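For reference, the structure is listed below as structure tokens.
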Amino acid sequence: MHHEVSLIATVAVSFVFAAVCGYLADRLRLPPLVGYLVAGILMGPFTPGFIADGALASQLAEMGVILLMFGVGLHFSASELLAVRGIAVPGAVAQIVLATVLGVGLASLWGWGIGAGLVLGLSLSVASTVVLLKALEERNLVNSANGRVAVGWLIVEDLAMVLALVLLPALAEILGAQGTSAAGQAAAGGMPLALTIAITLLKVGAFAVMAIFLGPKVVPWLLTLVARTGSQELFTLSVLAIALGIAFGATEIFGVSFALGAFFAGVVMSESNLSHRAAADSLPLQNAFSVLFFISVGMLFDPSILLREPMAVLGALALIIFGKSLIAFCIVLLLRFPVGMGLTVAASLAQIGEFSFILAGLGVTLGLLPREGQDIILAGAILSITINPLVFLAAEGLENGIHRRWPVFFTSYGKKREDVLARELGDIRAINEERNRQHQLRMQQLIDTFPLFAQVDEHAQEELLLLFKPKSASPGERIIRIGDRGDGMYFIASGAVEVQLDSEPVRLEPGAFFGEMALLSGGRRTADVVAIDFCEFLVLDRRDFNVFMSRHPTLRAAVSTMARERAEMNTLRRNPDRTSGAA
Ligand code: CMP
């Protein structure tokens, strides 16, 4: 039997190679991602042995980027993004412009034209999100102010690249790149440049408006809706559907990158109380697929470029590691932020990745960039990613050095702005933590008031919080009327009620429940229930009761036992003779 298994082969071999090489890298005290890159090179077309499907690998890598960016978004609130805009926007824009100028300069040294220089410069000016996040994660910096600034900076870079990708075809046309102006024209749609820019900005703007205004309303609502079904599987599926769906939609409809779409999907989801569950659910996939990103980078790499164009590779590498970081460092200082932040941002950006490949690929198709330009960019990427941990070490060393030698520089320069930013981020975090705390508190209160719910796991308790509808009653109000059909089960959070039985009323207090008998039997209400105080109830309606109880048989059994005891008690009270008879 012959059938197509290249996807399975690619995934399987990638995981096996990555696991082995990652482990070996760890033994050699290298970061595992170096192992993943080597695994990619081994699986690529430029080395003997197994050759994986490059196109598939790069798509899988894109999944990795999507999931990873989604994960970051989940831990990043929209307000945090706004808080760092004062440094991220001017910083990223200035850095892209300056690094591109350097790229053009470098290319002119090699005798390349302005078009090739621009593509090279742009490719070298954007850092890889995946690499940055891994680096920050390893150093526990993602949640620090410096980490927030670095990620914000990268988001702006990503946004700028959306524009760059649209402008390249137009540029190719203007420069009349040989042989491919037809491709350029097709990509630009034969539109005037100003119109292309306007449409792109409009699309990005429309996406931003949707993400900021519509998303926070729709996405948490959707998640709650699904969480109420109580199905774990459906919940995880929905989280992934939302992440990948928004990423894909963002690309198809608004022309922004997958990564950016996924990031905003995460940001939007972070507004929900269920975001921690979404994060936990998507983490394993995120880890697995981000490994595939490094593999696919490795696969593209042709090691022979190191022999063919060693000086060019070194030049590009120097621009990435020294040029770009120096520019970023200076910009941070010029914006009057402190040295420590400058060094972290500089080290974070001293590498290139996914966007560079996309830009370089497009540059070659449009006839702007010579083929070896792409190889040089790839070599620059792979080397800068590998060296990045060393750059971080060097930055730390430098920071300590400066600290020792010029302590004033640390205590005074940029302190004011950093403090303001840190305070702002701190306030935002405090608000988010308070929201989480409130949520936890509600969960705790639920179990404290109703020990019955200690029998089910945390997810089910969370689900109950979503299912419950609050209801209140004043003294004397009848909550349940005998003979009615059962519409819900009531849990008393505060106050007290009386179950009016023929014999003598029974008083129920906070922590007790009523209204279960009609729901269990499917029959009519067996008694009147009247509030004798101001009451707060949590009500589980009939449909939710049925679904929830069928999923949690132990709880159903406990409630049924209570209902049976009550029924027996009522029968006995109605016919007291039967007691003596039985006794
Ligand atoms: P249901 O029959 O749906 O509506 C009336 C509710 O009163 C009933 O469910 C029980 O929850 C509650 N009830 C009936 N008998 C007793 C009892 N003996 N003690 C406490 N609660 C009762």
Side-chain angles (χ1 to χ4, degrees), residues 228-230 442-443 445-456 460-461 463-583:
R228 288 181 53 166
T229 64
R442 281 177 61 208
M443 295 267 284
Q445 271 170 354
L446 182 79
I447 306 163
D448 288 348
T449 319
F450 306 103
L452 180 73
F453 298 136
Q455 292 184 21
V456 292
Q461 289 162 2
E463 189 189 334
L464 273 172
L465 280 185
L466 298 172
L467 293 174
F468 279 142
K469 294 186 184 71
K471 195 171 171 173
S472 52
S474 314
E477 201 176 317
R478 182 167 23 202
I479 302 140
I480 280 182
R481 184 194 299 269
I482 188 168
D484 279 357
R485 281 184 63 81
D487 54 353
M489 176 173 177
Y490 293 71
F491 293 86
I492 309 174
S494 68
V497 299
E498 228 172 49
V499 181
Q500 299 185 330
L501 301 165
D502 298 340
S503 45
E504 179 187 347
V506 174
R507 185 184 161 96
L508 296 178
E509 296 194 334
F513 56 81
F514 59 91
E516 80 291 0
M517 289 164 84
L519 294 191
L520 285 170
S521 68
R524 305 272 168 178
R525 295 295 194 191
T526 54
D528 277 339
V529 181
V530 178
I532 50 172
D533 198 348
F534 289 100
C535 297
E536 302 278 350
F537 305 114
L538 298 173
V539 186
L540 197 59
D541 75 25
R542 184 172 41 182
R543 203 178 140 265
D544 294 337
F545 172 90
N546 286 335
V547 175
F548 192 81
M549 291 301 172
S550 67
R551 281 185 193 281
H552 302 281
T554 42
L555 201 67
R556 190 189 177 94
V559 173
S560 301
T561 309
M562 178 63 110
R564 205 175 321 115
E565 281 169 15
R566 284 174 173 175
E568 274 166 16
M569 181 170 139
N570 296 351
T571 324
L572 288 179
R573 283 194 185 179
R574 244 176 269 131
N575 316 306
D577 322 342
R578 288 228 327 234
T579 345
S580 39

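Every number for a ligand or one of its atoms is a count from 1 in the order of the listing. As the structure is a computational prediction, the values presented were derived from the model and not from experiment. Throughout, numbering of the chain's residues begins at 1 and tracks the sequence.
Looking at atom 6 (C) of ligand 1, its nearest protein heavy atom turns out to be Gly515 N, 3.8 Å. In terms of protein heavy-atom proximity, atom 11 (O) of ligand 1 is closest to Glu516 OE1, 2.5 Å. Residue, atom and distance of the protein heavy atom nearest to atom 22 (C) of ligand 1 are Arg566 CD, 3.6 Å. Nearest protein neighbour of atom 8 (C) of ligand 1, counting heavy atoms only, is Met517 SD, 3.5 Å.
Contact atoms of ligand 1 toward Ala518: 1 (P), 2 (O), 3 (O) (distance under 4.0 Å to a heavy atom of the residue). Residue contact check: Phe514 has heavy atoms under 4.0 Å from atoms 11 (O) of ligand 1. Taking a cut-off of under 4.0 Å to the non-hydrogen atoms of Leu501, the atoms of ligand 1 that pass are 15 (N), 18 (N). Ligand 1 places these atoms under 4.0 Å from at least one heavy atom of Arg525: 1 (P), 2 (O), 3 (O), 4 (O).
Nearest heavy-atom pair across Asn570 and Leu501 is OD1-CD1, 3.6 Å. Taking both residues in full, the closest heavy atoms of Phe513 and Leu508 are given as O-CD1, 3.8 Å, listed atom of the first, atom of the second, then distance. A pairwise comparison of heavy atoms in Arg573 and Glu504 identifies NH1-O, 3.1 Å as the closest pair. Of all non-hydrogen atoms in Arg551 and Thr229, the two that sit nearest each other are NE-O, 3.0 Å. In plain terms, the two heavy atoms of Pro510 and Gly495 that are nearest each other are CD-O, 3.0 Å.
Centroid-to-centroid, the aromatic rings of Phe453 and Phe491 come within less than 6.0 Å. Between Phe537 and Phe514, a ring centre-to-centre spacing shorter than 6.0 Å is recorded.
For Val499, no nitrogen or oxygen atom sits less than 3.5 Å from a nitrogen or oxygen atom of ligand 1, counting backbone and side chain alike. Below 3.5 Å of separation, one finds no N or O of Met569 facing any N or O of ligand 1.
Sparse packing is recorded around CZ of Arg543, with 12 or fewer heavy atoms of other residues, nucleotides or ligands lying under 6.0 Å away.
A side chain to side chain contact (heavy atoms under 4.5 Å, CB included) with Ile492 is found for one member of Thr449, Val497, Asp533 and no other, namely Val497.
Heavy atoms from both the backbone and the side chain of Thr526 come within less than 4.0 Å of ligand 1.
Between atom 18 (N) of ligand 1 and the options Val506, Ile482, Asn570, the minimum heavy-atom separation is to Asn570.
Within the structure, ligand 1 lacks Asp528 among the residues with a heavy atom less than 4.0 angstrom away. Distances shorter than 4.0 angstrom occur between a heavy atom of Ala527 and an atom of ligand 1.
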